[in-house]
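Order of the sequence lines sets the chain letters (A, B, ...), proteins ahead of strands, with each chain counted from 1. For clarity, every value in this text was computed on a predicted model and none was experimentally measured.
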Protein chains: 12
Amino acid sequence: MKFMIINGPNLNLLGLREKSIYGEQTFESYLTKLKSTYPKIELQYYQSNIEGELINKLQEAGFSFDGIIINAGGYTHTSVAIADAIAAIKTPVIEVHISNIHAREEFRHQSLLAPKCRGSISGFGLDSYRLAIEHFLINH
Amino acid sequence: MKFMIINGPNLNLLGLREKSIYGEQTFESYLTKLKSTYPKIELQYYQSNIEGELINKLQEAGFSFDGIIINAGGYTHTSVAIADAIAAIKTPVIEVHISNIHAREEFRHQSLLAPKCRGSISGFGLDSYRLAIEHFLINH
Amino acid sequence: MKFMIINGPNLNLLGLREKSIYGEQTFESYLTKLKSTYPKIELQYYQSNIEGELINKLQEAGFSFDGIIINAGGYTHTSVAIADAIAAIKTPVIEVHISNIHAREEFRHQSLLAPKCRGSISGFGLDSYRLAIEHFLINH
Amino acid sequence: MKFMIINGPNLNLLGLREKSIYGEQTFESYLTKLKSTYPKIELQYYQSNIEGELINKLQEAGFSFDGIIINAGGYTHTSVAIADAIAAIKTPVIEVHISNIHAREEFRHQSLLAPKCRGSISGFGLDSYRLAIEHFLINH
Amino acid sequence: MKFMIINGPNLNLLGLREKSIYGEQTFESYLTKLKSTYPKIELQYYQSNIEGELINKLQEAGFSFDGIIINAGGYTHTSVAIADAIAAIKTPVIEVHISNIHAREEFRHQSLLAPKCRGSISGFGLDSYRLAIEHFLINH
Amino acid sequence: MKFMIINGPNLNLLGLREKSIYGEQTFESYLTKLKSTYPKIELQYYQSNIEGELINKLQEAGFSFDGIIINAGGYTHTSVAIADAIAAIKTPVIEVHISNIHAREEFRHQSLLAPKCRGSISGFGLDSYRLAIEHFLINH
Amino acid sequence: MKFMIINGPNLNLLGLREKSIYGEQTFESYLTKLKSTYPKIELQYYQSNIEGELINKLQEAGFSFDGIIINAGGYTHTSVAIADAIAAIKTPVIEVHISNIHAREEFRHQSLLAPKCRGSISGFGLDSYRLAIEHFLINH
Amino acid sequence: MKFMIINGPNLNLLGLREKSIYGEQTFESYLTKLKSTYPKIELQYYQSNIEGELINKLQEAGFSFDGIIINAGGYTHTSVAIADAIAAIKTPVIEVHISNIHAREEFRHQSLLAPKCRGSISGFGLDSYRLAIEHFLINH
Amino acid sequence: MKFMIINGPNLNLLGLREKSIYGEQTFESYLTKLKSTYPKIELQYYQSNIEGELINKLQEAGFSFDGIIINAGGYTHTSVAIADAIAAIKTPVIEVHISNIHAREEFRHQSLLAPKCRGSISGFGLDSYRLAIEHFLINH
Amino acid sequence: MKFMIINGPNLNLLGLREKSIYGEQTFESYLTKLKSTYPKIELQYYQSNIEGELINKLQEAGFSFDGIIINAGGYTHTSVAIADAIAAIKTPVIEVHISNIHAREEFRHQSLLAPKCRGSISGFGLDSYRLAIEHFLINH
Amino acid sequence: MKFMIINGPNLNLLGLREKSIYGEQTFESYLTKLKSTYPKIELQYYQSNIEGELINKLQEAGFSFDGIIINAGGYTHTSVAIADAIAAIKTPVIEVHISNIHAREEFRHQSLLAPKCRGSISGFGLDSYRLAIEHFLINH
Amino acid sequence: MKFMIINGPNLNLLGLREKSIYGEQTFESYLTKLKSTYPKIELQYYQSNIEGELINKLQEAGFSFDGIIINAGGYTHTSVAIADAIAAIKTPVIEVHISNIHAREEFRHQSLLAPKCRGSISGFGLDSYRLAIEHFLINH
């Protein structure tokens with residue numbers, strides 16, 4: 001089984017800055033740990049700050065991978081184009097968020113992507129990514 | 001470890017009716033399977049169609065359990081009172097939904113409970129409940 | 001044929017108070033008259049001020065009766081949970097209102113239940129209940 | 001007793017087109033049947049696609065008939081002028097709709113006419129007209 | 001000088017019905033009095049309940065009369081088409097209302113016609129028409 | 001007969017500035033002409049840029065004058081306090097505007113004062129004031 | 001092939017007035033030219049300022065013509081009734097606008113008819129009509 | 001004199017939890033003190049987390065007590081049904097809130113109950129209850 | 001102890017006009033009575049129709065008095081500036097209203113001042129002022 | 001004559017996926033056919049999923065081409081930046097859509113680009129592109 | 001060169017109170033320093049809590065000064081009248097704010113004055129005033 | 001000291017096109033002049049039409065420069081992702097706009113970036129950039 005994790009804008013700063021909020025862990029080190037937890041699955045990772053490159057990657061992975069996990073960061077709330085990409089591909093997509101987006105600013109309460117995804121997981125810190133994998137393992 | 005699952009209105013009909021949508025499984029049979037998956041944890045279950053009884057149960061479990069998983073059904077979108085109960089208790093609460101509420105009617109997109117919960121999981125069928133437990137096992 | 005009439009909050013005060021508005025007739029005495037008008041049908045009646053008990057009754061009657069007539073009072077405008085119950089059961093439901101809800105306060109103009117009911121009858125005083133029965137007699 | 005039925009735009013197509021939705025019955029044939037059901041009452045019928053002609057007819061019938069039954073079709077949701085006509089005349093008016101307007105597009109949920117009518121009946125197919133007559137027979 | 005008065009829907013009922021509100025005067029008798037007050041001007045009058053006929057009349061009078069006074073009744077708040085007609089013609093148009101539309105229902109507070117008229121006069125009873133003429137006499 | 005004209009903020013600049021819009025006439029010179037047109041009535045004039053002073057003047061004149069004509073300028077759209085003053089006094093008040101407020105910015109379309117006034121006149125330039133007097137002469 | 005062009009309110013003034021905006025061409029002269037461009041198709045034309053007459057014509061042509069081109073003018077933004085007529089007939093309908101309605105006043109941005117039409121063409125002057133024919137020639 | 005205090009959802013947790021916010025006092029101990037302050041009045045107390053039980057109590061006390069003081073907690077902002085109950089009974093009702101609801105989340109700014117109560121008191125801690133009694137003592 | 005009562009626009013008309021609504025008592029005579037009820041406290045009173053003068057007085061009293069009671073009349077719903085003044089001073093402020101503002105026009109339901117005050121009391125007639133003092137006596 | 005066709009996000013998937021909706025034709029094969037239909041014009045084509053690259057291309061082509069045809073896909077509804085680019089360049093731009101955007105989800109009804117384009121064509125499948133060329137041929 | 005600084009409500013409290021937020025500097029002492037920085041320009045200063053007095057000062061300075069710098073405090077968000085004054089005068093006006101109004105409460109995000117000013121500067125503490133002068137020195 | 005100026009979409013066209021609006025100066029020539037005005041500071045410049053590249057640059061400069069000046073053009077009003085980047089970096093950011101965005105279209109009145117910036121400067125033409133530098137020189 002082969003899964004793709006796609007991270008959107010500013011998630012490359014994880015673990016490097018604002019450590020009091022997000023902890024000292026970079027996404028890369030979390031990824032290493034995640035891979036060791038699930039040694040039998042193939043886990044690829046992509047990050048970009050550019051909306052259209054996220055779409056490129058969704059299209060690329062969207063017909064061959066068994067599952068895609070996306071955290072589109074700020075584009076979650078504004079991008080019809082990414083939502084359209086999710087709807088257009090075949091691979092099921094799960095939306096994850098590190099923080100509980102419903103407990104933050106009003107404009108973060110609505111996700112344009114969620115209606116096109118299989119499901120949505122938010123608020124569990126980096127563990128949100130693992131829960132998505134947990135689901136895919138049983139329902140890919 | 002001790003977890004409480006609280007189901008709100010109409011979830012008692014699961015598996016009995018509308019089988020084409022929700023499958024043939026009753027929540028009770030799912031629960032049995034769930035318990036067997038996690039033999040070491042104590043899993044209690046409560047269902048009521050009455051908003052205030054859900055609050056009673058939250059208050060009752062909210063100071064002694066290690067985690068609460070709530071699917072408040074239709075009250076999710078209208079109950080300030082349940083949201084207040086979640087905020088008032090000590091036990092962390094995870095909101096789950098069987099269907100992807102963001103892909104349904106407009107009025108189901110907003111959850112009044114989500115801002116008071118640790119996190120929110122929706123769209124994974126009955127597997128949403130398991131994912132919540134998965135998280136609690138690591139972060140209770 | 002067997003029909004259930006379900007009345008929601010404050011409708012137990014009918015005929016006892018505010019006589020200038022609602023007349024001197026209690027719902028019970030109206031019911032007696034209604035039964036005598038339709039001697040061949042079985043007419044059961046339930047009233048509760050508790051939202052979840054209305055759901056309980058809808059679920060209970062919703063798979064064996066030929067028709068349900070509901071006047072959910074104030075819950076008409078706020079209860080997603082009752083609307084879900086109506087959608088989940090098999091028996092067709094007709095929504096009735098004694099007063100013309102469209103001629104009252106703005107917040108009474110919208111019924112959350114109406115979209116899930118077969119139809120809606122409002123403004124005919126207690127006669128609204130009889131009209132619902134009239135319809136069920138021909139289209140149960 | 002003398003009642004007037006007024007049908008608005010596109011209701012002249014009933015039974016002729018979209019038979020899968022509205023059935024094979026023209027309003028004229030339904031009317032014939034309705035008249036035979038209530039042989040003692042005088043039942044007049046008028047249809048126009050022109051908003052102002054509906055107003056003309058309301059004014060004409062509105063001081064001599066015992067009741068008016070109006071299905072204003074699409075004008076239901078946009079016509080302040082028809083609502084004003086209903087408010088200005090003496091004869092009580094009942095609004096009817098064949099389909100359940102509350103279960104259709106958002107813009108059909110609000111009726112500008114309803115607040116000026118005695119009551120509103122929607123969702124019972126052509127039987128909505130008969131229910132209105134049923135009420136008028138007892139409360140003209 | 002030649003002025004046209006155009007009255008919209010339900011204004012033909014003035015003085016005939018609802019005398020407690022609008023007084024006992026028909027518009028025709030008011031018009032007779034108005035003509036005698038201004039013997040030197042030509043005053044034509046037109047009334048229709050049909051929106052498009054009001055447009056026909058505006059187009060007809062709108063290139064030869066010195067002023068048009070319009071009370072579009074209920075169409076005031078809904079007719080983009082009449083507003084377009086006022087904008088398209090050459091003769092200046094004054095909007096009048098018998099009642100103070102700003103003191104009535106919310107939906108009567110906005111006039112779609114007003115932005116296209118020279119000015120707006122409301123709340124002075126039938127005297128609103130005379131004030132419009134008073135203005136035209138000085139500024140035609 | 002005794003009438004009070006009350007002008008609000010920035011109307012003291014009339015005729016002095018922005019001559020291309022408002023013409024070369026100061027309100028004072030217009031007032032002189034107006035007085036000579038109606039030699040038999042007493043016409044007092046007050047202007048202030050201060051909201052509360054307009055209220056003071058309304059209260060002062062509001063129990064002894066036969067009519068008040070107010071152009072509250074920018075306060076028209078924001079002052080609940082002036083509206084309350086108009087509602088509290090006995091003298092009838094007419095709201096006037098030099099420009100057609102309905103043809104200007106969106107926020108000028110709503111007048112908080114209009115619902116409390118006898119009527120409203122807007123769009124006739126300085127002639128709006130005269131039309132108000134014309135009405136008061138007949139209906140004081 | 002047989003096409004019907006239906007023009008709504010105020011479009012009869014085209015070419016006669018406001019020449020600086022709409023040019024010197026009447027719709028009739030444009031129509032003559034259009035017919036000569038497509039000599040093999042039958043092109044009928046109808047104009048009315050009356051909403052209900054537009055509905056009458058849609059119903060009349062809507063079961064025998066190969067295509068209908070409608071410019072409903074001001075009714076575009078307010079007429080549920082015309083939209084219903086378009087939905088009820090069999091002939092495909094294309095909505096056209098001479099001006100770019102999206103670049104004009106806010107209330108012109110929404111067309112109630114567009115969702116019921118095959119497509120929408122706006123902003124190309126009178127050429128919008130020809131583009132509609134161009135499409136029908138290939139996809140009738 | 002006989003007064004009823006009705007507390008809604010989660011107010012049973014007062015003084016037991018969140019002591020930093022609400023202090024160490026349970027409502028019961030406050031009530032004891034309150035009774036000793038007003039030894040001559042009869043003071044009954046009821047608390048429930050169930051919306052419909054609050055309605056039951058309002059109906060029960062609403063025709064025999066001299067005053068009712070209600071703090072409906074989270075139902076304040078969502079319950080049309082409780083508002084209807086307050087409007088239906090004879091005993092005057094005062095709404096109280098411990099915290100200043102206008103200084104909290106947006107959705108707490110509107111009370112559906114307030115328009116049906118004699119008055120509203122919020123922000124004075126537990127002293128809000130005493131102020132209500134103070135008023136009833138003089139104006140029962 | 002020293003308290004300041006500040007009354008806003010039109011409250012100087014209390015007891016003089018609209019006696020059927022507000023009674024025959026002037027605020028001055030009420031104040032005399034109030035002072036005699038609480039002989040040990042110093043009670044100062046200020047009224048102005050001018051928004052900025054209310055701010056001046058708040059600033060003046062806001063650093064030396066033990067409590068301020070404000071009824072800002074119509075400015076309650078529109079004045080960010082007064083709200084800012086309340087937030088800037090040290091003395092706690094209680095907002096009072098004679099009428100139940102929640103039972104009046106929609107625009108009176110929101111108070112811009114309330115979020116900055118300690119609490120809000122509305123609907124108790126002139127007794128609202130006394131209740132504020134009652135609270136200050138215990139919690140100054 | 002030289003025209004540029006610019007396609008936005010996800011339009012590169014045309015004809016490859018979701019064949020039941022969009023048919024089996026890739027845009028490239030459609031383009032070949034389109035070029036053969038208009039052999040005398042130069043037709044260039046560009047597609048990108050990246051918003052800013054669409055702007056780059058608009059700026060590049062926007063001062064030398066005779067016309068630009070843009071289908072901005074999901075960016076249509078969210079991109080102020082693309083709208084600004086269209087407004088800043090000299091070449092006229094026509095907006096096209098394959099589907100009828102007015103018949104789809106609410107958020108697709110508004111185009112931020114349309115007000116800056118010469119015109120808008122939507123709902124004609126791939127034929128929308130040809131209609132745009134048809135117009136440019138006559139009005140470049 | 002001659003500039004006027006106008007400060008609105010509550011800005012007279014600067015430096016005297018809430019020192020933790022606004023620092024220990026009074027506006028007067030800041031002004032002294034500002035004058036010494038720009039010894040060649042004439043800098044006048046005016047403060048009032050009264051909206052209309054700010055208008056008076058704008059009118060007074062608005063035809064002879066080279067620039068006006070206004071911080072209208074709370075009136076920024078509510079005063080159409082001050083905005084009108086800025087639009088009516090000849091001297092260019094710059095709006096300044098000490099705090100970043102866009103980072104504060106929702107209602108402070110919109111300035112009614114900004115559209116009438118040359119520009120807007122907010123968020124730089126007292127330095128906002130100096131930046132305005134810096135601009136005027138180059139573009140008066 | 002080292003400052004970064006970041007310009008967003010379409011600002012590369014400055015001075016090249018639309019000279020009547022923006023003048024004949026390119027940003028590059030303005031920059032040269034700006035550098036010569038402040039010879040002691042290091043001033044870097046970056047422009048891109050691609051949203052994500054602006055984020056890249058913000059992240060790159062955001063931990064080493066003394067200040068960032070951003071004009072995000074059309075992304076100002078739509079980009080949550082850029083706002084998040086500004087919030088995530090350490091270097092203070094000032095938002096500038098050449099035109100007065102508050103005096104333009106409604107959708108330009110709100111900046112998503114402003115709440116995350118130190119301050120906002122708009123309306124001063126290219127001088128807005130210099131004012132930002134002026135501030136940073138004193139408060140870096």
Side chain, backbone, both or neither of Glu53(J) within contact of chain L (heavy atoms, under 4.5 Å): both
Inter-chain contacts: residues 7-14 of chain L against chain J, heavy atoms under 4.5 Å: Pro9(L), Asn10(L), Asn12(L), Leu13(L)
Contacts with chain J made by residues 68-79 of chain L (heavy-atom distance under 4.5 Å), listed by residue number: Gly74(L), Tyr75(L), His77(L), Thr78(L)
Residue-level contacts of residues 101-110 of chain L with chain J, using a heavy-atom cutoff under 4.5 Å: Glu105(L), Phe107(L), Arg108(L)
Residues, nucleotides or ligands: over 12 heavy atoms within 6.0 Å of Lys2(J) NZ: yes
Residues of residues 38-51 of chain J within contact distance of chain L, non-hydrogen under 4.5 Å: Ile50(J), Glu51(J)
